[in-house]
Each structure stands twice: as structure tokens, then as C-alpha cells.
K.L.:
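Below you'll find the structure I mean.
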There are 2 protein chains.
Amino acid sequence: MLNERSLSFSHDCEDCPIRHRAVCARCDQAELERLEEIKYYRKFEAGQTVVWSGDRMDFVGSVVSGIATLTQTMEDGRTQMVGLLLPSDFVGRPGRDSAAYDVTATTDLVMCCFRKTPFENMMDQTPHIAQRLLEMTLDELDAAREWMLVLGRKTAREKIASLLSIIARRDASVATRAATHSIVFDLPLTREAMADYLGLTLETVSRQISALRKDGVIALEGKRHVTVPDMGRLLEEAGDDADGGVFA
Amino acid sequence: MLNERSLSFSHDCEDCPIRHRAVCARCDQAELERLEEIKYYRKFEAGQTVVWSGDRMDFVGSVVSGIATLTQTMEDGRTQMVGLLLPSDFVGRPGRDSAAYDVTATTDLVMCCFRKTPFENMMDQTPHIAQRLLEMTLDELDAAREWMLVLGRKTAREKIASLLSIIARRDASVATRAATHSIVFDLPLTREAMADYLGLTLETVSRQISALRKDGVIALEGKRHVTVPDMGRLLEEAGDDADGGVFA
DNA sequence: ACGCAACATTGACCCAGATCAAAAGAACGC
DNA sequence: GCGTTCTTTTGATCTGGGTCAATGTTGCGT
């Protein structure tokens with residue numbers, strides 16, 4: 001069963017981040033080959049919807065590159081983003097056959113998917129996959145609860161700083177950090193998407209970003225390219241401990 | 001190894017709700033007996049703290065009776081409740097040795113605990129325990145994400161209605177429901193605790209409860225005893241679909 | 001029964017962020 | 001190049017819920 005694609009799925013594979021966080025981190029070669037058989041890639045363009053809430057969802061998977069969002073919508077149109085999926089994040093729920101949220105690509109997106117039924121079978125026979133998923137789900141639960149604090153108790157400025165912190169930590173290249181002591185990244189979200197994540201309006205997001213720029217907490221080139229000269233300062237603005245770091 | 005206590009832990013046990021939701025739902029008798037050996041009960045009075053965030057936590061467990069809350073606190077004292085633990089809910093995280101949140105009893109509380117290290121060992125040898133925990137954690141994640149919508153996008157009145165819905169659904173006795181078509185329960189939280197859960201101030205909570213009472217959505221006897229004459233109406237006020245029911 | 005301490009309600013006022021409105025950049029096809 | 005459309009910024013005004021303050025209510029210990 002070995003072929004080019006399955007070779008690319010070994011622990012040394014560069015293009016598939018699953019080895020870092022997701023299901024196969026502890027798999028041996030035989031297990032990886034089994035996963036390989038039920039694996040396929042899906043590509044989406046920026047703005048495309050992966051699944052709508054309530055739709056049948058016959059796969060699970062993880063993000064290879066690009067960014068996706070999970071959002072909930074009320075009947076009257078109010079929306080709340082409930083998750084931000086960055087590369088290596090897992091999507092889908094074993095044991096449920098319909099999506100609970102809208103999943104949308106906000107940039108061009110590549111996902112590594114597994115057909116759900118065979119994946120579930122494999123889970124039954126490979127205990128450490130369930131254990132790995134449990135760990136990941138507990139991490140997500142912690143992140144969701146951190147976000148509850150952001151939504152419930154932080155000011156607009158703190159909310160923006162919190163969001164920038166998360167993106168900075170997960171998205172900034174290590175090289176950039178080492179060279180200049182400042183962190184540089186591109187915002188993968190529109191102002192509107194940021195507002196939906198933060199429980200704000202897009203106007204408030206825009207105003208607070210302008211304010212943080214004016215105060216020197218961040219610098220902007222164009223609308224999306226952000227430089228954080230002092231990460232400690234940003235975390236302070238976010239209301240987090242400057243050292244600890246909730247989203248580390 | 002059988003004795004009185006272990007017998008009370010069988011699938012027919014009445015006093016320990018673990019068989020319903022928590023770890024041993026699918027355990028056979030031998031496994032139950034092993035769990036029995038590492039199990040112990042802890043009792044707390046209303047207002048007592050189970051663990052503080054950051055404290056060493058050498059057990060996992062679930063709520064037998066009473067209600068506990070998970071809260072996060074910022075340095076300046078702002079607090080956000082991130083979880084409400086009702087009977088049968090699970091507490092603690094395998095693979096982590098310190099608590100991530102303050103856990104507080106809001107009523108008299110009985111917990112059924114397992115020493116963490118032997119519990120983790122047992123998890124390694126009993127795959128369906130990890131699977132059960134995964135299911136439960138995914139449910140909690142869904143609940144946390146539902147709550148993100150409440151915190152981020154709902155009005156104060158909708159927030160109160162949402163909280164009352166949750167408590168009504170989990171706490172109301174079936175008998176009461178059948179007899180009168182209305183749902184009756186006691187609020188297990190102070191106004192302040194409700195405010196911390198909803199991202200509001202206690203004054204706003206009080207005002208909105210008064211408003212819902214004046215509008216006939218709920219009736220109150222004393223400060224805590226609530227009657228919901230029409231659950232559909234309450235769900236409407238919460239901004240949820242009257243039928244579907246997010247927190248079912 | 002009384003006094004004290006939590007807990008809860010209600011009122012008056014204020015402000016952070018929403019809403020409404022306009023205009024200025026960017027990005028894209030033709 | 002040049003409309004067209006999407007995104008973002010900025011201004012003016014409004015308002016839901018916060019803040020401050022006073023008063024009620026409940027329950028408990030003595």
C-alpha cells in the first residue's frame with residue numbers, strides 16, 4: 001500500500017501538520033498507512049463555506065494551511081464566531097453526523113480529511129487516537145473558556161489586544177521574532193470577522209485598532225500587515241499577565 | 001473486594017450519578033470494582049472552594065449532588081464564570097496536575113472523586129473510559145460555544161432567559177412538568193453568581209428578572225423559587241428556537 | 001425578639017460601544 | 001485608465017447596561 005502519497009504522510013512529512021497536534025502524533029508506521037487509506041485533501045478558496053450548520057458531515061479532519069472559522073448564527077442574523085481554526089487544528093466530531101456550526105474558509109484553505117465511519121472504526125481499535133483527541137478537545141475547551149472571559153468581561157480595547165495576541169503567538173514566524181524582537185504577521189480576518197469573534201461591531205474594531213496604532217502598541221502597513229514591537233505591552237493591553245500567557 | 005461501598009457503585013446504584021454520564025457508564029463489574037478502590041467522596045458546604053486556580057489538583061471526579069461553578073478571575077478582580085457543574089458533570093483534567101479555574105460550591109455539594117494517577121493508569125488500560133470522557137468533553141465544548149453566543153451577542157434580557165432555560169431543563173423535576181405543564185425550580189445561584197455567568201452586573205440581573213416577572217414570563221415565590229408557565233415563551237425570550245432547543 | 005450581615009431591589013445618572021451616515025481607500029474586471 | 005464593489009475609516013448621535021447610592025428583605029446567631 002505504500003505509494004507517493006502514503007510516504008508523504010510519515011512522521012517526517014512536511015506538508016501535513018497532523019503529526020504536530022492531531023490524530024497521528026503517536027501512530028506507528030502501520031497505523032499511519034491505515035489512516036493514509038481513508039485520507040484525502042480538500043481545498044477551498046477564501047470566503048467559501050466548508051459546511052453549513054446542520055448539514056450532514058461525513059468527515060473529520062484538520063487544517064493543513066489557511067484559516068477557517070466556526071460561527072453560530074441566530075435567526076435574526078446576529079452571528080458569533082466560536083472558533084478560529086489555524087493550521088493543525090482539528091475539525092469535526094466523531095459520533096455526530098451533522099455539523100454544529102458553519103465552517104468557513106477566511107483565506108485559501110487546505111484541509112486533510114478522513115472519512116468519518118472508517119475513522120471511527122480506527123478509533124475503536126487504536127486507543128491512543130481517542131486519547132489524543134481527548135487532549136486536543138480539552139485544549140479547545142480551555143481556549144473556549146478563556147474566550148468566555150474575553151467576551152463577558154473585557155473592554156473593546158482589551159478584546160482587540162487579546163485577539164491580536166492569539167494570532168501573533170500562533171502565526172508569527174519564529175525567524176521574525178528572533179531577528180528584531182518584534183513580531184510581524186498578517187491579519188487573516190476582515191474587520192467584520194474580528195467583530196464577530198469579539199462580540200463587537202466592525203466600526204468599534206476599526207476604531208480600537210486605530211487607537212492601538214496611535215498609542216504605539218502596534219504598527220500597521222496597509223490594512224492587514226501588523227507589527228507588534230513589544231509583545232509584553234500587547235499582553236498588558238489584553239489584560240493578561242505579561243509573563244504567564246494564557247494562549248501560550 | 002466486594003463490600004458495602006463497592007456494591008453501591010454498581011450500575012444499579014442510586015446515589016452516585018456517575019453511571020449516567022460520567023466515566024463508568026460502560027464499565028463492567030470488574031472495572032467498577034477497580035474504580036471503587038480509587039474512589040472517595042468529598043463534601044463541601046455552600047460557599048466553600050473546592051480548588052483554587054493554579055492549585056495542585058490530584059483528583060478527578062464528578063458531582064453527585066449540589067452545584068459547583070468554574071470561574072476565572074482577572075488581576076483587577078473582574079470574574080467570569082466559565083462553567084456550571086450540575087449533578088453528574090465531570091471535573092478535572094487527566095494529564096494536568098493543576099486546576100485551571102476556581103471551583104466553588106454554590107450549594108452544599110457532594111463529589112465523587114478518583115485519585116488522579118491511578119485513574120490515568122486505568123484510562124490507559126480501559127479504552128472506553130477515554131472514549132466516554134471524549135464524548136463528555138465534546139458536549140462541554142459545545143455548551144461552552146453556545147455560551148460564547150450568549151455572552152457575545154445576546155441582550156441582558158435574553159441572557160437571563162437563556163440561563164433560566166438551562167437550569168430549568170436540567171434541574172426541574174419531571175413530575176412537576178407532567179402535572180401542571182409548567183416548570184418549577186429553585187435558583188441555585190445568587191444574583192451575583194448569575195451576573196458572573198452572564199457577563200452582567202448583579203443590578204442588571206435583578207432588573208431583568210423583575211422585568212420578566214412583570215411580563216409574565218416567569219413567576220417568583222421568594223427570591224429563588226421560580227415557576228415557568230410556558231417554556232416555549234421562555235425559549236423565545238432567550239432568542240433560541242422554541243422547538244429545537246440548544247441545551248436539550 | 002432583636003441586631004446584624006448577606007442578599008436583593010430600585011432609582012438616578014453616565015458612558016462605552018452601538019447605530020446611522022458619509023467618504024476614502026483597495027482590489028478587480030473590462 | 002476607470003467604474004464597480006468590497007473593505008475600512010471616521011464622525012455624530014443614541015442607548016443598553018454600568019455605576020453609584022439608597023432602601024428592602026431574608027435569615028441567622030445570640
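Here is how names work: the chains are called A, B, and so on, in the same order as the sequence lines, proteins then strands, and each is numbered from 1.
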K.L.:
Which nucleotide wins on minimum distance to the side chain of B:Thr155, given the candidates D:dG18, D:dG17, D:dT10?
P.N.:
D:dG17
K.L.:
How is B:Gly199 classified with respect to the nucleic acid when contacts are heavy atoms under 4.0 Å: base, sugar-phosphate, or nothing?
P.N.:
sugar-phosphate
K.L.:
Once you round it to whole Å, what is the distance between P of D:dG17 and CZ of A:Arg153?
P.N.:
13 Å
K.L.:
Okay, side chain of A:Lys159, backbone of A:Leu198: is any donor-acceptor separation there less than 3.5 Å?
P.N.:
yes
K.L.:
Whole angstrom is fine here: how far is it from CG in B:Leu189 over to C1' in C:dC7?
P.N.:
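Rounding to the nearest Å, CG of B:Leu189 and C1' of C:dC7 are 14 Å apart.
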K.L.:
Any side-chain heavy-atom pair from B:Leu200 and B:Met194 closer than 4.5 angstrom?
P.N.:
no
K.L.:
Can you tell me if the side-chain N/O atoms of A:Arg224 get under 4.0 Å from OP1 or OP2 in D:dT8?
P.N.:
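Result: yes.
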K.L.:
Taking for each residue the nucleotide of DNA chain C with the nearest heavy atom, is it A:Val205 or A:Lys223 whose nucleotide lies nearer the 5' end?
P.N.:
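Result: A:Val205.
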K.L.:
Is it the case that the side chains of A:Thr79 and A:Asp196 hold a donor-acceptor pair, with the cut-off being a distance below 3.5 Å and no angle test?
P.N.:
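Yes, a side-chain donor-acceptor pair sits under 3.5 Å.
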K.L.:
Take atom CG of B:Asp196 and atom C1' of C:dC7, then tell me their distance rounded to the nearest Å.
P.N.:
14 Å
K.L.:
Look at all strands and tell whether B:Arg157 reaches a base, only sugar-phosphate, or nothing, counting heavy atoms closer than 4.0 Å.
P.N.:
nothing
K.L.:
Taking CG from A:Leu220 and C1' from D:dT7, how many angstroms apart are they, rounded to a whole number?
P.N.:
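Nearest whole value for this atom pair: 14 Å.
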K.L.:
Rounding to an integer number of Å, can you tell me how far A:Arg78 CZ sits from D:dG16 C1'?
P.N.:
13 Å
K.L.:
Which of these nucleotides, C:dG17, C:dA8, D:dT9, is closest to any side-chain atom of A:Ser206?
P.N.:
D:dT9
K.L.:
Can you check the B:Ile160 CD1 to D:dG17 C1' distance for me, whole Å?
P.N.:
12 Å
K.L.:
Checking contacts here: which listed nucleotide (D:dC20, D:dT9, D:dG17) is nearest the side-chain heavy atoms of A:Arg191?
P.N.:
D:dT9
K.L.:
List the steps and the verdict of salt bridge (charged side-chain N to carboxylate O under 4.0 Å, His left out) for A:Asp97 and A:Arg56.
P.N.:
CA-CA 6 Å; A:Asp97 59 353; A:Arg56 184 165 178 68; 3.6 Å; yes
K.L.:
Regarding A:Thr190, tell me which of base, sugar-phosphate or nothing describes its non-hydrogen contacts under 4.0 Å with the strands shown.
P.N.:
sugar-phosphate
K.L.:
How are the rings of B:Phe59 and B:Tyr40 set relative to one another: parallel (under 30°), tilted (30 to 60°) or perpendicular (over 60°)?
P.N.:
perpendicular
K.L.:
Starting from C1' on C:dT9, measure out to CE on B:Met194 and report it in whole angstrom.
P.N.:
14 Å
K.L.:
Look at all strands and tell whether B:Leu200 reaches a base, only sugar-phosphate, or nothing, counting heavy atoms closer than 4.0 Å.
P.N.:
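Sugar-phosphate, no base atom in range.
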K.L.:
B:Arg207 side chain: which of C:dA21, D:dT19, D:dT8 is closest?
P.N.:
D:dT19
K.L.:
Below 4.5 Å, heavy atoms only, C-beta onward: do A:Ser165 and A:Met231 meet side chain to side chain?
P.N.:
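In short, these two side chains touch, coming nearer than 4.5 Å.
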K.L.:
Does a side-chain N or O from A:Thr204 land closer than 4.0 Å to OP1 or OP2 of C:dA18, or not?
P.N.:
yes
K.L.:
Given D:dT8, D:dT19, C:dG17, which nucleotide is nearest the side-chain atoms of B:Glu203?
P.N.:
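It is D:dT19.
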K.L.:
Considering only side-chain heavy atoms of A:Gln208, which listed nucleotide, C:dG17, D:dT8, C:dC7, is closest?
P.N.:
C:dG17
K.L.:
Would you kindly compare A:Gly222 and A:Ala156 by the position of their nearest DNA chain C nucleotide and give the one closer to the 5′ end?
P.N.:
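First, find each residue's nearest nucleotide; the 5'-ward one identifies A:Ala156.
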K.L.:
Nearest whole angstrom, please: distance from the P of D:dC20 to the CG of B:Leu202.
P.N.:
13 Å
K.L.:
Compare the minimum distances between each of D:dT10, D:dT19, C:dG17 and the side chain of A:Arg213, then state the nucleotide with the smallest one.
P.N.:
D:dT10
